[in-house]
Amino acid sequence: MSVEQPQETDELVAQRLAKLASLRARGVDPFAAERFDRTHLAEEVRERFDALAESGEKVAVCGRIVAIRTMGKAAFVHILDASGRIQVYFKLDNVGPEAFSLLEFFDVGDFLGIHGPVFRTRTGEITIQVQTFDILGKALRPLPVGKQKGEEQWYALQDVEQRYRQRYLDLIVNPRAREPLLKRIQVVSEVRRFLEGRGFLEVETPVLQPLAGGAAARPFLTHHNALDADLHLRISLELYLKRLVVGNLEKVFEMSKVFRNEGISPRHNPEYTLLEVYEAYTDLEGMMALTESLVDHVTRALYGGRKFTYAGTEIDVTPPWPRRSMMELLEACAGLTRDDFATLARARAAGERLGLPMEKEHTIGGIIDKVFEKACQPGLVQPAFVTDFPLDLSPLAKKKPGDPWLTRRFEAHIAGQEIANAFSEVNDPIDQRQRFEEQRRMREAGEEDAHPYDADFLRALEHGMPPTGGLGIGIDRLAALLADVPSLRDVIFFPQMRPE
RNA sequence: GAGCCGUUAGCUCAGCCGGCAGAGCAUCUCCCUUUUAAGGAGAGGGUCGUUGGUUCGAAUCCAACACGGCUCACCA
């Protein structure tokens with residue numbers, strides 16, 4: 001694909017430029033219009049049709065032309081506004097010959113405002129009888145709209161690359177593309193409403209950070225000229241939010257972009273929206289209750305009930321969700337016990353028996369996680385909490401009392417996907433320092449994504465942090481789940497693409 | 001990063017055992033005053049992703065590259 005300025009040598013563009021010139025020659029400048037005061041959206045005209053038809057009241061409606069059918073001395077035009085389509089009817093006798101002659105300079109894609117009463121055609125379609133109209137803008141490039149009859153579409157934009165790169169066209173042309181994107185907006189809105197309703201403060205923390213911590217991932221690098229300092233784009237929200245908990249903000253959340261310098265796939269976008277929530281004086285059980293309530297709230301807001309369908313399977317989010325420990329699940333679905341993971345060599349052997357490549361695995365916990373994902377995760381279809389994660393996977397989670405090999409951490413799984421991750425946060429600065437040191441050793445052993453040693457964060461913990469529960473949810477994945485679409489790109493307006 | 005698949009008119013797609021580049025929609029001209037995937041008559045529109053190669057001849061066969069999709073790897 002190439003992006004070029006519209007050329008007059010392009011036939012379709014040249015025709016539109018000629019029509020623009022013709023309109024201007026008649027004293028009608030499509031780009032001179034600044035406003036149109038509509039009385040109704042298309043949907044409102046349909047909803048209130050009976051009353052509008054009875055009173056004979058004139059309506060004012062505006063939108064983009066998406067279909068034109070001319071019939072000599074009359075024409076039917078469909079216009080599209082934010083609420084949907086509506087048909088309008090131009091008749092020579094109604095608008096007069098001079099105005100009617102302007103129709104020949106209209107194209108699909110142009111903007112139109114019309115005034116007139118409503119009626120129903122012989123075939124029953126609700127229609128506006130145009131008395132006067134204004135041209136509100138002209139399209140110089142053709143709009144790839146197809147034919148449409150009810151829900152059915154023909155010839156609409158299918159090319160996936162063009163749909164992502166020119167999402168505005170996708171949104172005009174493909175109603176089925178629009179729905180998941182609108183659901184995502186609703187998910188974000190309802191999450192915010194839910195948390196604010198429970199007294200959480202929404203905060204903003206730095207995107208540009210000297211150290212990108214709080215998760216195991218590779219960051220993007222950038223440079224601040226005035227400071228002459230290398231900075232990282234954040235990979236998580238965690239460590240700054242916990243600094244705020246230290247600072248007496250007891251209930252905070254942030255729902256914003258983080259950036260991970262990794263591959264792109266239907267389930268990964270380099271920048272994605274992460275929700276993190278922290279609440280002082282609660283623990284992972286508190287975070288479980290919060291997670292259940294949050295997902296339940298959003299599901300009910302979207303669907304009016306506690307069930308929805310994903311990939312043909314009905315999901316029921318009614319709390320409480322079952323809690324199972326990771327080792328318990330591993331034994332049930334793979335027949336593996338703690339003995340199988342007693343040493344790095346034994347753990348690798350267990351992984352290889354399941355056909356997993358183990359060359360790059362440096363920690364027992366990493367192998368357990370990989371084996372779990374392969375053997376157990378696909379089976380976790382209905383919502384469930386998985387608890388007791390290995391210590392070396394969870395350098396920011398409190399150790400499990402009496403079993404310091406494990407942590408007070410859970411993940412929530414739905415439809416075979418991880419949708420939330422939470423724990424009782426480490427608030428012992430000495431423990432946290434040791435964990436960072438352990439991560440440093442792992443990095444030196446070849447684990448590129450190990451957490452960085454963050455001395456500034458340790459200083460904050462040394463000033464004292466209350467016991468705190470923390471929760472993270474990938475909003476794009478949650479939205480894709482709730483919108484029942486297979487790819488994150490279906491809930492991201494402009495997914496990352498290689499530059500053209 | 002690897003494997004597989006795709007790229008032909010503005011849009012959706014045929015054509016791919018090598019032999020003059022096609023259809024529907026859209027566009028343009030003409031007819032048509034309640035049509036609706038409107039209809040009727042006619043016309044224009046192409047660097048077949050790019051660059052090489054094989055061949056008398058390449059959209060078609062081969063190679064490299066570009067972009068995209070899926071799967072895998074990494075991760076959430």
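Computation of the quantities below employed the complete heavy-atom set of this structure, encompassing side-chain atoms and omitting hydrogens, waters and symmetry-equivalent molecules. Each chain gets a letter, A, B and so on, in the order the sequences are listed, and its residues count up from 1.
The partner of G57(B), taking Watson-Crick or G-U wobble pairs whose two distances both stay under 3.5 Å, does not exist in any strand shown. Shown here, G52(B) forms a base pair with C62(B); the pair counts as Watson-Crick or G-U wobble because both key distances fall under 3.5 Å. U35(B) is unpaired under the criterion used here, namely a Watson-Crick or G-U wobble arrangement in which both key atom distances are under 3.5 Å. Using Watson-Crick or G-U wobble geometry with both donor-acceptor distances under 3.5 Å, C67(B) finds its partner in G6(B). Base pairing of A41(B): its partner is U29(B), meeting the Watson-Crick or G-U wobble criterion (both donor-acceptor distances under 3.5 Å). Across the strands present, U47(B) finds no partner; the criterion is a Watson-Crick or G-U wobble pair with both atom distances under 3.5 angstrom. Figure legend. G24(B) is base-paired to C11(B); pairs are counted as Watson-Crick or G-U wobble with both atom distances under 3.5 Å.
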What string of B, S and - do you get for nucleotides 41-46 of chain B, 5' to 3', when a contact is any protein heavy atom under 4.0 Å? ---BS-
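At the heavy-atom level, Gln417(A) lies nowhere under 4.0 Å from the strands shown. Within 4.0 Å of Lys91(A), counting heavy atoms only, lies at least one base atom of the nucleic acid. Across all strands shown, Asn261(A) has no heavy atoms under 4.0 Å from either base or sugar-phosphate atoms. Residue contacts for Tyr164(A): at a heavy-atom cut-off of 4.0 Å it reaches the sugar-phosphate backbone alone, with no base atom in range. Backbone-only contact: Ala216(A) has heavy atoms under 4.0 Å from sugar-phosphate atoms and none from a base. Using a 4.0 Å heavy-atom distance criterion, Ala156(A) is classed as a sugar-phosphate-only contact. Among the protein residues, Arg489(A) comes within range of the sugar-phosphate backbone only, with heavy atoms under 4.0 Å from sugar or phosphate atoms but none that close to a base.
The P atoms of U60(B) and G6(B) are separated by 14 Å, rounded to the nearest whole Å. Distance check on atom P: C70(B) versus U51(B) gives 28 Å, rounded to whole Å. Across the C1' atoms, U47(B) and A43(B) are found 24 Å apart, a figure rounded to whole Å. Comparing the same atom, P, in A73(B) and in A63(B) gives a spacing of 28 Å after rounding to whole Å. Straight-line distance between the P atoms of C13(B) and U8(B): roughly 10 Å, to the nearest whole Å. Across A23(B) and A64(B), the matching P atoms stand 35 Å from one another, rounded to whole Å. With both ends at atom C1', the span from U29(B) to C20(B) equals 28 Å, rounded to whole Å. Going from the P atom of C17(B) to that of C62(B) covers 10 Å, rounded to whole Å.
For the segment residues 50-71 of chain A, residues with any heavy atom less than 4.0 angstrom from an atom of RNA chain B are, sorted by number, Arg69(A), Thr70(A), Met71(A).
Between Lys19(A) and C28(B) there is a side-chain polar atom (N or O) within less than 4.0 angstrom of OP1 or OP2. At the phosphate of A66(B), neither OP1 nor OP2 sits under 4.0 Å from any side-chain N or O atom of Arg498(A). Within the structure, every side-chain polar atom (N or O) of Gln162(A) is placed at least 4.0 Å from both OP1 and OP2 of U7(B). Residue Arg165(A) places at least one side-chain N or O closer than 4.0 Å to OP1 or OP2 of G68(B). Between U35(B) and Arg122(A), a contact under 4.0 Å exists linking OP1 or OP2 to a side-chain N or O. Listed pair Arg267(A) / C70(B) fails the phosphate criterion, with no side-chain N or O lying under 4.0 Å from OP1 or OP2.
Within 3.5 Å, no donor on the side chain of Glu125(A) pairs with an acceptor on the base of U35(B), nor the reverse.
For Arg440(A) and Tyr453(A), the positive end sits near the middle of the six-membered ring, less than 6.0 Å away and at most 45° from its axis.
Between Asp107(A) and Lys19(A), at least one side-chain nitrogen of the basic residue sits less than 4.0 Å from a carboxylate oxygen of the acidic one, meeting the salt-bridge criterion. The pair Lys398(A)-Glu425(A) does not count as a salt bridge, with every side-chain nitrogen at least 4.0 angstrom from each carboxylate oxygen.
For the pair Arg120(A) and Asp107(A), both in contact range of RNA chain B, the more 5′-proximal nearest nucleotide belongs to Asp107(A). Position along RNA chain B of the nearest nucleotide to Lys149(A) versus Arg260(A) favours Lys149(A) as the more 5'-ward residue.
In this structure, Glu104(A) atom CD and U29(B) atom P are separated by 7 Å, rounded to whole Å. Atom P of nucleotide C28(B) and atom CZ of Phe106(A) are separated by 13 Å, given to the nearest angstrom. Separating the CG atom of Asp159(A) from the C1' atom of G10(B) is a distance of 13 Å, rounded to the nearest angstrom. In this structure, CD of Glu161(A) is placed 16 Å from P of G6(B), rounded to the nearest angstrom. Distance Asp10(A) CG to G10(B) P: 7 Å, rounded to the nearest Å. The interatomic distance linking Met497(A) (CE) with U7(B) (C1') rounds to 13 Å, in whole Å. The CG-P distance, from Asp110(A) to U27(B), rounds to 11 Å in whole Å. Per the geometry, CD belonging to Gln496(A) stands 13 Å off P belonging to C67(B), to the nearest Å.
With sequence neighbours left out, Gln209(A) forms a side chain to side chain donor-acceptor pair (under 3.5 Å) with no residue at all.
Outside the 6.0 Å centre-distance limit, the rings of Phe389(A) and Phe423(A) are not counted as a close aromatic pair. In this structure, His40(A) has its ring center no closer than 6.0 Å to that of Phe49(A).
Of the listed nucleotides (C70(B), U34(B), C74(B)), C74(B) has the atom at the smallest distance from the side chain of Glu262(A). Closest to the side chain of Val160(A), from the set C70(B), U33(B), G69(B), is G69(B). Which of U35(B), G69(B), U71(B) sits closest to the side chain of Gln87(A) comes down to U35(B).
Heavy-atom minimum distance, Ala217(A) versus Arg260(A): CB-CD, 3.5 Å.
Atom CZ of Arg176(A) has 12 or fewer heavy atoms from other residues, nucleotides or ligands within 6.0 Å. Under a cut-off of 6.0 angstrom, the local environment of CZ in Arg443(A) is crowded, with over 12 non-hydrogen atoms contributed by other residues, nucleotides or ligands. Applying the 6.0 Å contact sphere to NZ of Lys374(A) captures no more than 12 heavy atoms from other residues, nucleotides or ligands.
One N or O on the side chain of Asp454(A) and one on the backbone of Phe457(A) form a donor-acceptor pair closer than 3.5 Å. At least one donor-acceptor pair closer than 3.5 Å links the side chain of Ser236(A) to the backbone N or O of Gly213(A).
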Pair Val298(A), Phe194(A) - check side-chain contact (heavy atoms from CB on, under 4.5 Å), show working. CA-CA 8 Å; Val298(A) 175; Phe194(A) 172 85; 5.8 Å; no
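Classification of the Phe220(A)-Phe259(A) ring pair by plane angle, with boundaries at 30° and 60°, yields perpendicular.
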